[in-house]
Amino acid sequence: MDKVVATAEEALAGVEDGASLAVGGFGLSGVPNVLIQALYATGASGLSVVSNNCGVDGGGLGILLAAGRIARVTGSYVGDNKEFARQYLSGELLLELTPQGTLAERLRAGGCGVPAFFTPAGVGTQVAEGGLPWRYAPDGTVAVASPPKETREFDGRRYVLERGITTDFALVRAAKGDRHGNLVFHRSARNFNPLAAMAGRVTVAEVEHLVEPGELDPDEIHLPGVFVQRVVELTPEQAADKQIERRTISAPPTRGTVHR
C-alpha cells in the first residue's frame, strides 16, 4: 500500500516514446513541474498530452513543447504560448480543441469507466459538425479537420456525443498526500488535477506535503488513493517554487489623496 517512490525519475518508469499523458494544472496553478522536468530528462518524444492548457513559454508543458517532444494536444485553452501557436499554425502539432467543461467531463468519464456521454456544449458549432482545424499544412491550408460527431435529441433539446478519455499515464500535483495515494488539492489546483488523475492508467502525484496514513481527515480528501499508483514527495524548495501567471500591483496613491 505504500506508493511512495524515491525520485521523480523512478516514478516515471515506463513512459516511452508515443505515450499518452493526462497532465493536471490550471494556468500555472497546480502544474506538476517536477515531474515534467523529469519527463523532459527521459528524452521521451512523440507524446500525446491531454491538459487544460499546454503551459507557457519556458514553463510547465511548454518545456516539452519547445523541445519538440509533444505530437498531439487535447486541450481547451491555448493562449499565452507563442511557441504553441507557432507549432500549431505551421503544421508541426495536432490540436484537438474542446470546450473546457467538456474536457473536464471527458477526463472524469474515462476515469469512471464511462465510454461516452451526451452534452449540449458545442451543438450547432464545428465542435459537433466537424471542420475544426486539427492540423495545418505548411501552406496554411487545413491538413486534418475534426470529424462530425453524433447528435441526438432528448426532451426537445439537441446534444452531441463526446468520448471519455483515458491515458497511459497521468501527472498531477497535490498540496498534501499520504503514502496510500490519497490527495488534497489547494484551491484552483483542484480544477483539473483530480480529473487528470482519474483518467490515467498509471497516475503519478508529486506532493508538497507528505503525511502518514490516517492523518488526513476522510472528509478532507479530494481524490482517493485508488486512482493513484505512485507518489513523489517534493523537497521544501521544490514545493515553494511556484510561478505567478500575471503579477499585478496597484499604483501608489497620489499626494493629497484621502483614503476613507
Side-chain angles (χ1 to χ4, degrees), residues 4-84 87 93 95 103 107 165 167-175 177 183 185-186 188-208 223 228-245:
V4 176
V5 295
T7 66
E9 292 73 20
E10 181 182 345
L12 293 175
V15 180
E16 300 176 346
D17 292 351
S20 60
L21 303 102
V23 182
F26 190 75
L28 298 184
S29 176
V31 178
N33 287 309
V34 174
L35 289 171
I36 291 173
Q37 287 282 1
L39 180 57
Y40 170 82
T42 68
S45 62
L47 302 172
S48 294
V49 172
V50 182
S51 186
N52 176 57
N53 57 288
C54 203
V56 295
D57 291 302
L61 287 169
I63 296 171
L64 294 171
L65 192 70
R69 306 283 183 78
I70 298 176
R72 176 185 176 122
V73 174
T74 301
S76 66
Y77 179 72
V78 297
D80 298 329
N81 192 322
K82 295 179 181 179
E83 178 60 16
F84 188 109
Q87 290 189 25
L93 185 71
L95 169 64
L103 178 63
L107 289 165
I165 293 175
T167 57
D168 299 324
F169 290 85
L171 311 181
V172 300
R173 181 174 181 136
L183 303 179
F185 304 95
H186 185 62
S188 57
R190 188 179 172 186
N191 287 354
F192 271 92
N193 269 303
L195 304 170
M198 293 173 69
R201 297 183 182 91
V202 176
T203 294
V204 185
E206 60 179 60
V207 174
E208 296 174 14
L223 184 78
V228 179
Q229 284 68 49
R230 303 170 190 171
V231 176
V232 179
E233 182 182 12
L234 301 182
T235 66
E237 293 75 20
Q238 290 171 331
D241 185 15
K242 299 178 181 180
Q243 296 175 281
I244 297 176
E245 192 163 3

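Atoms considered below: every heavy atom in the structure, side chains included; atoms not considered: hydrogens, waters and symmetry mates.
- Between Phe84 and Leu61 there is no side-chain heavy-atom pair separated by less than 4.5 Å.
- Residues passing the side-chain contact (heavy atoms from CB on, under 4.5 Å) test with Thr167, sequence neighbours excluded: Ser20, Ala22, Val50, Ile165.
- Summarising the geometry of Pro32 relative to Val23, their closest heavy-atom pair is CG-CG1, 3.8 Å, with the distance given to 0.1 Å.
- Pairing each heavy atom of Tyr40 with each of Ala67, the nearest pair is CE1-CB, 3.7 Å.
- Put simply, the side chain of Arg230 gets close to the backbone of Ala11: a donor and an acceptor are under 3.5 Å apart.
- Not a single donor-acceptor pair under 3.5 Å links the side chain of Asp168 to the backbone N or O of Val15.
- A pairwise comparison of heavy atoms in Ala196 and Ala170 identifies O-CB, 3.2 Å as the closest pair.
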Practice problem: Determine, step by step, whether Asn33 and Gln238 satisfy the side-chain contact (heavy atoms from CB on, under 4.5 Å) criterion, reporting the C-alpha distance in whole Å, the side-chain angles of both residues, the deciding distance to 0.1 Å, and the verdict. | Solution: CA-CA 9 Å; Asn33 287 309; Gln238 290 171 331; over 6 Å; no

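- Residues that satisfy the salt bridge (charged side-chain N to carboxylate O under 4.0 Å, His left out) test with Glu233, not counting sequence neighbours, are absent from this structure.
- The OG atom of Ser29 sits 9.5 Å away from the CZ atom of Arg173 when rounded to the nearest 0.5 Å.
- Put simply, CG on Leu95 and CD on Gln87 are 11.5 Å apart, with the number rounded to the nearest 0.5 Å.
- Contacts of Lys242 classified as salt bridge (charged side-chain N to carboxylate O under 4.0 Å, His left out), with partners at least two apart in sequence or in another chain: Glu208.
- Nearest approach of Ala8 to Leu35, heavy atoms of both residues: CB-CD2, 4.0 Å.
- How far CD1 of Ile70 is from OG of Ser45: 11.0 Å, rounded to the nearest 0.5 Å.
- Annotation: side chain of Val232 is not in contact with side chain of Val34 (no heavy-atom distance under 4.5 Å).
- A donor-acceptor pair under 3.5 Å is formed between the side chain of Asp57 and the backbone N or O of Lys82.
- A donor-acceptor contact shorter than 3.5 Å links the side chain of Thr7 to the backbone of Glu10.
- To the nearest 0.5 Å, the span separating CG on Leu39 from CG on Leu12 amounts to 6.0 Å.
- The CG atom of Leu223 sits 7.0 Å away from the CE atom of Met198 when rounded to the nearest 0.5 Å.
- Residue Leu47 holds its CG atom at 8.0 Å from CZ of Arg69, rounded to the nearest 0.5 Å.
- For Asn193 (side chain) and Val172 (main-chain N/O), no donor-acceptor pair under 3.5 Å exists by modelled atom type.
- A pairwise comparison of heavy atoms in Phe26 and Ser188 identifies CB-O, 3.7 Å as the closest pair.
- Across Leu183 and Gly177, no two heavy atoms sit closer than the pair CD2-CA, 4.0 Å.
- With contacts defined as side-chain heavy-atom distances shorter than 4.5 Å, the pair Leu65/Leu93 qualifies.
- Between the side chain of Asn53 and the backbone N or O of Tyr77 there is no donor-acceptor pair closer than 3.5 Å.
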